[in-house]
Visitor: 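Below: one structure in structure tokens.
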Protein chains: 2
Amino acid sequence: MSDVARRAGVSKMTVSNVLNGRTRVGEATRRRVLEAVDELGYEINLTARRLRAGRVDTVALIVPRFDHTYFAELATSFATEVANHGRHLVVAQSGASKEGELSELSLARLRQYDAVVLSAVGLTYDEVDSLSSTQPLVLLGEQDVPQRFDHVSIGNAEGARLAVRHLLGRGARRVAVVDGPSVGPAGTGAPGGLDPTSGLRTQGWRTAHADVGLVPDERLVLGGALYTAQGAREVVLRALAAGLAPDAVFAVTDDMAYGVLAALHDAGLRVPQDVAVVGFDNLRGSEFAVPGLSSVDPGRDWIARQAVSVIERRLAGEAFEPVRLTTPVELVVRGSSA
Amino acid sequence: MSDVARRAGVSKMTVSNVLNGRTRVGEATRRRVLEAVDELGYEINLTARRLRAGRVDTVALIVPRFDHTYFAELATSFATEVANHGRHLVVAQSGASKEGELSELSLARLRQYDAVVLSAVGLTYDEVDSLSSTQPLVLLGEQDVPQRFDHVSIGNAEGARLAVRHLLGRGARRVAVVDGPSVGPAGTGAPGGLDPTSGLRTQGWRTAHADVGLVPDERLVLGGALYTAQGAREVVLRALAAGLAPDAVFAVTDDMAYGVLAALHDAGLRVPQDVAVVGFDNLRGSEFAVPGLSSVDPGRDWIARQAVSVIERRLAGEAFEPVRLTTPVELVVRGSSA
DNA sequence: TTGAAAGCGCTAACAC
DNA sequence: GTGTTAGCGCTTTCAA
């Protein structure tokens, strides 16, 4: 900037003013400065500006993995919403492991953003609690999180209930639920707690049965799968081999539902005639599964809108009690359960 | 840092030294400093450090969209590879539009990273050429890019050739190719040029036919679809309605192939018995399509490894001619064409 | 082993 | 309208 100033025969300050359009600058001066900028190929140093300004116009979204489609789509929603407010979104991957999440956060890496949205799978209450909150931090997910953080969660139990009620409503009586690692068949004492999302969804399965006065067969809780299509496929094939004969399957994520569809196809069962299937997440691709996958829509855009709105209010200096929101969910019925 | 120094009764410099473990610092001093850090909850200001150091240990990957699975999986590969070299990866979305890409890049936003990997869909030669290269910039994609940039591209024509040759080899004689917006049926004079990826893949379709002495029916070039499952589904349904009766379909992306599978299912055609299908990208999910989708694997990990290796060498100050690499491709055969 | 000075590139505040 | 001064928080350099 000094070079530009010298070349244009003005002070650094004038250059800065021209570049930011802040003060009224004489037309001739302006032109000379812009010429100098051009000739020297000058580009402003954002790092310096930030150091000075104490803000970066950038919000970070930390997700466990980029390639879990749910998070990719969530990131897209956030990018749009953040852009609507004149900021940029940057996405970083925590690696789903506790360590990953922390190293991405703790080492003051946080501080280089105006605000952080953290999808907190894998962090314990205490770890979240230990995060300093020099800037707005919004937590996403199902953790029981410290009161002082803003928190947006999904209507997990409610969504699962909708899905299973729909399956029961169309006549299914042996609805299996395909769930993640931390949820085993009743009484297995599976290791609890990393992320209760799936537990909540399985809970919705129970509630739905209770709603209509049915007692579900707990052996139909197919837990322990990884949160992947592969994991779900294996667990379903095993269940079929064991003679569990479900007439419907609720998978706690769409990715897992794809694995369920693949497994049923492997086994020569027709969807939805022999077995109906419903997922959770309503990924864009679910419309194109074969058959089209019924799924619970968790309202990603809604999540992004709410989270960003909270962030903007905090950044504007507004003071208010920590926000605690739960998304409205909605069941989208397609061929897999029609 | 001043506060910490004061509290510990030392100078800022000593605090800095303790925090960075750079100089030998007396054990007692060290302890006092760390105590002060703890008590004050001090966290280093990375922006300031960066301003001083001129480096940020962060590499940016700019992709058109987060929620195109190909890019999400690419980002994951890059995150791993970059982490292997002790840096962080940050992903930003360009919006696929020319404007998006430029605003993400030009305004010196680039400069805040040690290096940038740009998936250049949508930029013209001149626009890319105008990018200053104060730091390493690796281009991904099929652009004809200025010589001075390092460039990693996919073996598009070769991959498509493999795919179509496979289909012809198993007896197909009416292989349709489902392609993107810029590729119309021969003679339509479709607007060329935004991104020649798809053109290259359709070219491979021609080459494969030529390889075995066949002349393809150009009406089987189903171009003009958006690069989405939806677009592909529509274009295939239209082609079926028009009586084109393909006995195999090569889709230029896996996402589009999902749309093809959905369309064939809609039309009551069996895959692979009535129509075989092959995609391109080998997304993780393609193994779980129904039936499993045969696809060309473009070697994302290979791309990431090469690109990051180039970056590291440039950052280490090594001088060498711009690198120009093409990934080795490989056909993965699954149920959709078995 | 520790510290003082200087400066990375920018801009707010205040002259002129 | 334009310039001067000071300082954001850090680290390199060199002296003590």
Visitor: Hey, does the Lys NZ or Arg CZ of A/R313 hover above the aromatic six-ring of A/F320, less than 6.0 Å from the centre and inside 45° of the axis?
Guide: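 Yes, a cation-pi geometry.
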
Visitor: Find the distance B/R22:CZ to C/dT1:P and express it as a whole number of Å.
Guide: 17 Å

Visitor: Figure out the CZ/P separation between A/R52 and D/dG9, and round it to whole Å.
Guide: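 It works out to 10 Å between those atoms.
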
Visitor: Could you give the CZ-to-P distance, from A/R49 to C/dT11, as a whole number of Å?
Guide: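 That distance rounds to 5 Å.
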
Visitor: Just the rounded figure in Å: distance from C1' of C/dT11 to CE of A/M1.
Guide: 8 Å

Visitor: Pick the closest DNA chain D nucleotide for B/M13 and for B/T47 by heavy atoms, then say which residue is nearer the 5' end.
Guide: B/T47

Visitor: Taking only the side-chain nitrogens and oxygens of A/T14, find out if one of them lies under 4.0 Å from OP1 or OP2 of D/dG3.
Guide: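 A/T14 to D/dG3 OP1/OP2: side-chain N or O found under 4.0 Å.
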
Visitor: With a 4.0 Å cut-off, would you call B/R300 and B/D281 a salt bridge?
Guide: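 No salt bridge links B/R300 with B/D281.
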
Visitor: Compare all side-chain heavy atoms of A/Y70 with those of A/L283 and state whether any distance is below 4.5 angstrom.
Guide: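 The answer is yes, as the side chains (C-beta and beyond) meet within the 4.5 Å cut-off.
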
Visitor: Name the nucleic acid region contacted by B/N17, choosing base, sugar-phosphate or nothing; use a 4.0 angstrom heavy-atom cut-off, strictly under.
Guide: nothing

Visitor: Taking NZ, NE, NH1 and NH2 as the nitrogens, is one of them in A/E27 or A/R31 under 4.0 Å from a carboxylate oxygen of the other?
Guide: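 Counted as a salt bridge, because a side-chain N and a carboxylate O are separated by less than 4.0 Å.
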
Visitor: Contact class for B/T29 vs. all strands (heavy atom < 4.0 Å): base, sugar-phosphate, or nothing?
Guide: sugar-phosphate

Visitor: Using the closest heavy atom to pick a nucleotide of DNA chain C for each, name whichever of A/Y42 or B/S11 lands nearer the 5' end.
Guide: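 It is B/S11, whose closest nucleotide lies nearer the 5' terminus.
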
Visitor: Take atom CZ of B/R32 and atom C1' of C/dG3, then tell me their distance rounded to the nearest Å.
Guide: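 So the two atoms are 14 Å apart, to the nearest Å.
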
Visitor: Roughly, in whole Å, what's the span from CG in A/L40 to C1' in C/dG9?
Guide: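 Whole-Å distance recorded here is 15 Å.
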
Visitor: Distance check needed: D/dC14 C1' versus B/K12 NZ, whole Å only.
Guide: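 Those two atoms, NZ and C1', are 16 Å apart.
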
Visitor: Report the distance from atom CD1 of B/I44 to atom P of D/dC8, rounded to the nearest whole Å.
Guide: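 Distance check: B/I44 CD1 to D/dC8 P gives 16 Å.
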
Visitor: Verify the contact: side-chain N or O of A/S16 to OP1 or OP2 of C/dT11, cut-off strictly under 4.0 Å; return yes or no.
Guide: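 Checking C/dT11 against A/S16, a side-chain N or O does come within under 4.0 Å of OP1 or OP2.
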
Visitor: Any side-chain heavy atom of A/L89 within less than 4.5 Å of one from A/T58?
Guide: no

